[in-house]
S.K.: 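Here it is: the structure, laid out below.
No experiment lies behind these values; they were computed from the predicted model shown.
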Amino acid sequence: MLNTQMELLNLYIRKLIRFSLTFFLVTPAFAGVLPFFSPVYVTSLDNSFYVNTNIFLTNDPFTLKDLFNGIKTNDSHIKNGTNIALGDTRTDVGYNSKKYGYFGYVYKEEVLIDTNKDTVELLYLSTNKKDLPVGKHYNLDLTIKAFKVQGIEYAKSFDLYHDNGYIFNVGFGLEALQGKDMQDGTIKGNGIVNSKKDYSFNIVSSYDYTHNYLYKLNVKKASAYGYSSDLSLYLKKDGLSLLLLANDLFGKLYWRHLPHSDVNLSSHNKVYDANGYVRYKPTVSGYEGYKNYTQTLVRKYRAQIAYMHKRYFFKLGSDAMYGIYMPYIEGDYMLTSDFSLGLGYETRFHSVTLKSQYGSFVFNINVDNIFKPSTLGLNISYLF
């Protein structure tokens, strides 16, 4: 049963990858860790088309390769306390009218799994058929929040003050969304190791979903419509600037006839493989049905201070979502009038960002390890 937790993350990340295959403009847009939409950036341009795709994947206890392989590995780095798995992507295609604002198409997909050391450790040991610590009690706890949407968006910004070297700009974005898929639920329970090859568990789950990953259950397709909003505040004095961003500040999806379950899963149905390792077809009891459900999108924030001096551009800030803070520092250097390179580092997942911009084309990539990455980000953007 525990394997379904990673199967769910694998599916979402594979979808993210499939779908998601200036330098000194008014605001430093291409910085930080997570995918963001900046109303003040897209609306600061003259009449122009905007194409941007941004993907960020990270996983605390395993490399991304091992995650895709079903965590069948001898290499893990499980954290004490909270272990995070996150996949976040955003694609925008639109046109900005200097007079009327920005109109575009948006696609967003996000999955966030928050679990503890005990849950990941038991999953890792059982999946790789390693000796279990006999008699150990495990506290099992997992939360998942995920959605996939597409829609249309509008953005506009206003210079509230622009004089004496000061710029104060406020921007907003509005999105009308169609929900495609979602996951929103919790798993809590306990497990105990009976022998080096056998364990038992009892789990309670409250689960809203479009596809059931805990156990096999065919359900009717659900649909949703909703909205979201973005906000930007930008303050600049000569070479020093402050940027505040909020995405999905007020965002909701209204699902109709969404599958819901409040169930108990236990390990009564045990079978053993040829080597004596336990395998489960969990016993399920409780409630399964449909309901109308309002899903609240997870808010994302960015706060950034930037300083420009001649050919150099320095940025210090932090992204945040779901109580996870991702501080970063970046530096860019302008080699020619239309070509720049940059380097950045973020401290939560310990990834390094390599940045480049040529004219209106931007290409950024960030990883925590070149050969065995647990974190991978990609940003491609073009203005024309």
Side-chain angles (χ1 to χ4, degrees), residues 19-20 25-32 34-56 88-110 112 145-161 167-182 184 223-235 242-256 292-304 319-322 379 381-383:
F19 197 90
S20 302
L25 290 167
V26 169
T27 182
F30 302 103
L34 299 173
F36 268 87
F37 178 76
S38 176
V40 66
Y41 174 73
V42 299
T43 60
S44 66
L45 310 170
D46 291 331
N47 298 338
S48 59
F49 288 96
Y50 175 62
V51 178
N52 178 65
T53 186
N54 199 336
I55 182 171
F56 181 76
D88 191 4
T89 191
R90 180 176 182 122
T91 297
D92 297 279
V93 180
Y95 178 78
N96 179 62
S97 165
K98 192 67 175 178
K99 182 177 180 181
Y100 298 107
Y102 173 83
F103 301 85
Y105 167 84
V106 58
Y107 174 94
K108 300 192 294 186
E109 191 166 348
E110 184 175 292
L112 173 65
K145 294 184 178 294
F147 66 86
K148 179 171 71 172
V149 297
Q150 65 177 357
I152 56 175
E153 59 187 342
Y154 172 76
K156 184 68 174 173
S157 65
F158 305 90
D159 277 343
L160 300 185
Y161 186 82
I167 297 175
F168 179 47
N169 184 288
V170 175
F172 70 91
L174 300 174
E175 301 171 359
L177 302 174
Q178 176 193 24
K180 308 291 287 183
D181 288 301
M182 70 86 71
D184 195 346
S223 62
Y225 292 91
Y227 63 88
S228 189
S229 57
D230 309 310
L231 180 67
S232 64
L233 299 175
Y234 180 67
L235 177 63
L242 171 67
L243 174 67
L244 301 176
L245 280 178
N247 277 191
D248 296 324
L249 184 60
F250 300 103
K252 294 185 182 295
L253 294 173
Y254 298 95
W255 293 91
R256 291 176 53 83
N292 294 338
Y293 179 69
T294 301
Q295 182 183 18
T296 301
L297 305 186
V298 177
R299 295 170 180 171
K300 297 192 294 187
Y301 301 98
R302 172 174 296 166
Q304 177 182 281
D319 290 354
M321 66 179 297
Y322 200 64
N379 178 208
S381 179
Y382 187 56
L383 296 166

S.K.: Does Tyr293 have more than 12 heavy atoms from other residues, nucleotides or ligands lying within 6.0 Å of its OH?
M.R.: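 Count over threshold, so yes.
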
S.K.: So do the side chains of Leu177 and Leu297 get within less than 4.5 Å of each other, counting heavy atoms only?
M.R.: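 Counting from C-beta outward, Leu177 and Leu297 do come under 4.5 Å.
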
S.K.: Could you tell me if the side chain of Met182 sits less than 4.5 Å from the side chain of Leu253, heavy atoms only?
M.R.: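 Not touching, per the 4.5 Å side-chain cut-off.
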
S.K.: Testing the basics here: between Gly226 and Tyr254, what is the closest heavy-atom pair and its distance to 0.1 Å?
M.R.: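 What the structure gives for the nearest pair is CA-CD1, 4.3 Å.
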
S.K.: Write down the atom of Glu175, the atom of Asp230, and the distance for their closest heavy-atom approach.
M.R.: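 Closest pair (atom of Glu175, atom of Asp230, distance): OE2-OD2, 3.1 Å.
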
S.K.: Can you tell if the side chain of Phe37 reaches within under 4.5 Å of the side chain of Asn52, non-hydrogen atoms only?
M.R.: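 A side-chain contact under 4.5 Å is absent here.
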
S.K.: Kindly compute the distance separating CG (Asn379) from OG1 (Thr89), expressed to the nearest 0.5 Å.
M.R.: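 Separation between the atoms: 10.0 Å.
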
S.K.: Looking at Lys148, Glu109, Lys108, which hits side-chain contact (heavy atoms from CB on, under 4.5 Å) with Lys180?
M.R.: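 Per the side-chain contact (heavy atoms from CB on, under 4.5 Å) rule, the option paired with Lys180 is Lys148, out of Lys148, Glu109, Lys108.
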
S.K.: With a sphere of 6.0 Å drawn around CG of Leu160, does it hold more than 12 non-hydrogen atoms of other residues, nucleotides or ligands?
M.R.: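 Counting other residues, nucleotides and ligands, CG of Leu160 exceeds 12 neighbours.
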
S.K.: Nearest 0.5 Å please: distance from the CG atom of Leu112 over to the NZ atom of Lys145.
M.R.: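 Between atom CG of Leu112 and atom NZ of Lys145 there are 8.5 Å.
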
S.K.: If you define the side chain from C-beta out and look only at heavy atoms, does anything of Pro35 sit under 4.5 Å from Phe56?
M.R.: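 With C-beta onward as the side chain, the pair touches.
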
S.K.: List the residues meeting ring pair (Phe, Tyr, Trp, His ring centres under 6.0 Å) with Phe103, not counting sequence neighbours, and say none if there are none.
M.R.: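 Here the qualifying residues are Tyr154.
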
S.K.: Shortest non-hydrogen contact from Val149 to Gly179?
M.R.: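 Heavy atoms of Val149 and Gly179 come nearest at CG1-CA, 3.9 Å.
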
S.K.: Working to the nearest 0.5 Å, report the span between CG of Leu34 and CE of Met321.
M.R.: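 Rounded to the nearest 0.5 Å, the CG-CE separation comes out at 6.5 Å.
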
S.K.: Minimum heavy-atom separation for Gln295 and Ala146, please, with both atom names.
M.R.: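 For Gln295 versus Ala146, the nearest heavy atoms are NE2-O, 3.0 Å.
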
S.K.: Please round to the nearest 0.5 Å and tell me the distance separating atom OH of Tyr234 and atom CG of Leu242.
M.R.: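 These two atoms lie 9.5 Å from each other.
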
S.K.: Is the backbone N or O of Lys98 less than 3.5 Å from a side-chain atom of Asn47, with the two atoms forming a donor-acceptor pair by type?
M.R.: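 Confirmed, Asn47 side chain pairs with Lys98 backbone.
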
S.K.: Step by step, work out the ring pair (Phe, Tyr, Trp, His ring centres under 6.0 Å) result for Tyr41 and Phe36.
M.R.: CA-CA 11 Å; Tyr41 174 73; Phe36 268 87; over 10 Å; no

S.K.: Nearest 0.5 angstrom please: Phe49 CZ to Asn96 CG, how far?
M.R.: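 It is 11.0 Å, given to the nearest 0.5 Å.
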
S.K.: Are there over 12 heavy-atom neighbours, none belonging to Tyr100, within less than 6.0 Å of that residue's OH?
M.R.: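 Not more than 12 within 6.0 Å, no.
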
S.K.: Could you label the plane-to-plane angle of the Tyr50 and Tyr102 rings as parallel, tilted or perpendicular, counting under 30° as parallel and over 60° as perpendicular?
M.R.: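 Correct class here is perpendicular.
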
S.K.: Report yes if the side chains of Phe158 and Val170 come closer than 4.5 Å at any heavy-atom pair, otherwise no.
M.R.: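 Result no, sub-4.5 Å side-chain heavy-atom pair not found.
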
S.K.: Distance-only, no hydrogens or angles: does the Ser232 side chain make a donor-acceptor pair with backbone N or O of Ser38 under 3.5 Å?
M.R.: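 Not a single qualifying donor-acceptor pair exists.
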
S.K.: Look up atom OG in Ser97 and atom NZ in Lys156, then write down how far apart they are to the nearest 0.5 Å.
M.R.: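 So the gap between those two atoms works out to 7.0 Å.
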
S.K.: Is any side-chain heavy atom of Leu245 less than 4.5 Å from a side-chain heavy atom of Leu243?
M.R.: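 With C-beta onward as the side chain, the pair touches.
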
S.K.: For Lys300, which of Asp319, Asp88, Asp248 qualifies under salt bridge (charged side-chain N to carboxylate O under 4.0 Å, His left out)?
M.R.: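 The passing option is Asp88.
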
S.K.: Looking only at heavy atoms, which two atoms of Tyr95 and Ser48 are closest? And how far apart?
M.R.: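 Minimum heavy-atom contact is CD1-O, 3.3 Å.
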
